[in-house]
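Just below is one structure, and these are the notes that go with it.
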Amino acid sequence: MTIEPESPGTPGRGKTVALSADAIVDCALELARREGSQALTLRRIGKELGADPTAFYRYFRDKDELVLACMDKVLDIAFERYEEDSASLDWRARLRRAAHVFYTVAEEFPTVTALGFARITGGPGERRWVEMVISTLHGVGLPPGLTALHYRAFVDAMLAMSGLRATVHGLPAALADKDDAAWLRVYGALPRDQFPAIRAHSEELVRVEEHDVFSTVVDAVLTNIEVAARAHG
């Protein structure tokens, strides 16, 4: 299920709903997107759902388990979007599309992605990704050892770059603007005689788009996979 975005500051509904693991995860995702990680407390979720916070423990052992479930839901949402138009693509286009879809979804859920991108959820959403990527790489003709290696390289690059962007995306606007301005404010003001390369490229560094960085990293990983497949073809 795709959760529709809400405007920042939207007050909680406070309505009693049929409590379930899915209801708690959906509520936590909305709260995290609306208010950030500080909203991921049992009391806040209970208030939003109109339930006693202690009922949470019937579905999740602790907050960490909830975070992993939320991250798995983000993975599941991304996979559903990836599947919408991927059947006819070749292996490289399929993996590139998968990476870019996840990157976009991660920007929609920056708090949860920043908290969970480096974790193993073990859930159904993650399993779908693991099966798709491994079967795709196996179909390229890689032996099992290289399939596993390049699976990790692709997925770790996708998650790391998306998690990095999600972390920045989740910063308060003032801090994000401060970081964006640093290339000119800090590096553009360095002494040219000591840092000639930095000064010569400081304006170009400002112009680099994060999405282009992501595309470059993903394409480099895919090219490496292609080279390995040819060597073992």
Side-chain angles (χ1 to χ4, degrees), residues 5 8 32-33 36-37 71 74-75 77-79 81-82 85-86 89-120 129 133 136-137 140 142 146-231:
R33 181 158 57 178
S37 59
M71 184 64 204
V74 171
L75 289 165
I77 291 170
F79 195 85
R81 293 191 195 175
Y82 152 76
D85 190 26
S86 300
L89 300 177
D90 63 29
W91 73 267
R92 183 167 183 142
R94 193 181 316 141
L95 292 181
R96 184 187 293 111
R97 171 173 166 74
H100 283 274
V101 167
F102 179 76
Y103 185 83
T104 299
V105 172
E107 285 190 313
E108 297 175 24
F109 298 92
T111 297
V112 169
T113 300
L115 290 171
F117 78 93
R119 305 291 302 281
I120 297 174
W129 278 97
V133 177
T136 298
L137 293 175
V140 173
L142 294 174
L146 285 179
T147 294
L149 173 63
H150 289 288
Y151 158 77
R152 284 292 307 274
F154 172 76
V155 171
D156 287 4
M158 178 184 78
L159 289 171
M161 295 296 293
S162 299
L164 174 64
R165 183 57 183 160
T167 301
V168 173
H169 192 73
L171 289 174
L175 294 182
D177 291 343
K178 180 181 178 181
D179 277 5
D180 285 341
W183 288 115
L184 282 181
R185 179 175 50 82
V186 177
Y187 289 97
L190 291 173
R192 192 180 298 274
D193 59 335
Q194 297 180 41
F195 302 95
I198 293 176
R199 285 298 304 272
H201 295 85
S202 59
E203 292 186 6
E204 284 72 17
L205 287 167
V206 173
R207 298 190 185 102
V208 173
E209 297 289 340
E210 296 298 329
H211 194 271
D212 291 338
V213 176
F214 180 76
S215 296
T216 300
V217 171
V218 169
D219 285 344
V221 173
L222 295 178
T223 295
N224 198 37
I225 293 169
E226 189 171 4
V227 169
R230 287 177 180 173

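We count residues from 1, following the sequence as given.
- The two residues Leu115 and Ser37 have their closest heavy-atom pair at CD1-CB, 4.3 Å.
- Judged by distance alone, the side chains of Arg97 and Ser86 do bring a donor and an acceptor atom under 3.5 Å apart.
- The structure places CE of Met161 at 11.0 Å from CZ of Phe117, a figure rounded to the nearest 0.5 Å.
- Counting all heavy atoms, side chain and backbone alike, Pro110 lies closest to His169 at CG-CD2, 3.7 Å.
- A heavy-atom distance below 4.5 Å is found between the side chains of Leu222 and Trp91.
- Across Leu142 and Thr147, no two heavy atoms sit closer than the pair O-OG1, 3.2 Å.
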Residues 183-197 side chain polar contacts: donor-acceptor under 3.5 Å, at least two apart:
from	atom 1	to	atom 2	distance (Å)
Arg185	NH2	Lys178	O	3.3

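- Arg33 places no side-chain N or O within 3.5 Å of a backbone atom of Phe109 that could act as its donor or acceptor partner.
- A 6.0 Å sphere centred on NE2 of His201 holds no more than 12 heavy atoms belonging to other residues, nucleotides or ligands.
- By the 6.0 Å contact criterion, CD on Glu209 is open, its count of non-hydrogen atoms from other residues, nucleotides or ligands being 12 or less.
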Side chain to side chain contact (heavy atoms under 4.5 Å, CB included) between Asn224 and Val221: does it pass, once the steps are laid out?
CA-CA 5 Å; Asn224 198 37; Val221 173; 5.7 Å; no

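- Two residues are said to be in side-chain contact when any heavy atoms from C-beta on lie closer than 4.5 Å; Tyr103 and Arg165 meet this criterion.
- Nearest heavy-atom pair, Ala166 versus Ala106, reported as atom, atom and distance to 0.1 Å: CB-O, 4.0 Å.
- Contact annotation: the side chain of Val140 never approaches that of His150 to less than 4.5 Å [non-hydrogen atoms, C-beta and beyond].
- We find the OH-CG distance between Tyr151 and Asp156 to be 8.0 Å, quoted to the nearest 0.5 Å.
- For the 3.5 Å distance criterion, the side chains of Arg96 and Ser215 fail to qualify, holding no donor opposite an acceptor.
- Rounding to the nearest 0.5 Å places CD of Glu210 at 9.0 Å from CD of Glu107.
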Show, in sequence, the C-alpha distance, side-chain angles and deciding distance for Arg92 and Glu226, and conclude whether the side chain to side chain contact (heavy atoms under 4.5 Å, CB included) test is met.
CA-CA 8 Å; Arg92 183 167 183 142; Glu226 189 171 4; 2.6 Å; yes

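- Of all the heavy atoms in Leu75 and Trp129, the pair that sits closest is O-NE1, 2.8 Å.
- Between Leu159 atom CG and Arg152 atom CZ the span is 10.0 Å, to the nearest 0.5 Å.
- The environment of CD1 in Ile120 is sparse: at most 12 heavy-atom neighbours from other residues, nucleotides or ligands sit within 6.0 Å.
- With rounding to the nearest 0.5 Å, the separation of CG in Asp177 from CG in Leu171 is 10.0 Å.
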Intermediate values then yes/no, side chain to side chain contact (heavy atoms under 4.5 Å, CB included), Leu89 and Leu95
CA-CA 9 Å; Leu89 300 177; Leu95 292 181; over 6 Å; no

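- Contact record, Ser162 with Phe214: OG-CE1, 3.8 Å, taken as the closest heavy-atom pair.
- Note that the OG1 atom of Thr216 and the NE2 atom of His211 stand 10.5 Å from one another [nearest 0.5 Å].
- Two residues are said to be in side-chain contact when any heavy atoms from C-beta on lie closer than 4.5 Å; Val206 and Glu203 fail this criterion.
- Under the 4.5 Å side-chain criterion, counting only non-hydrogen atoms from C-beta, Phe102 is not in contact with Arg81.
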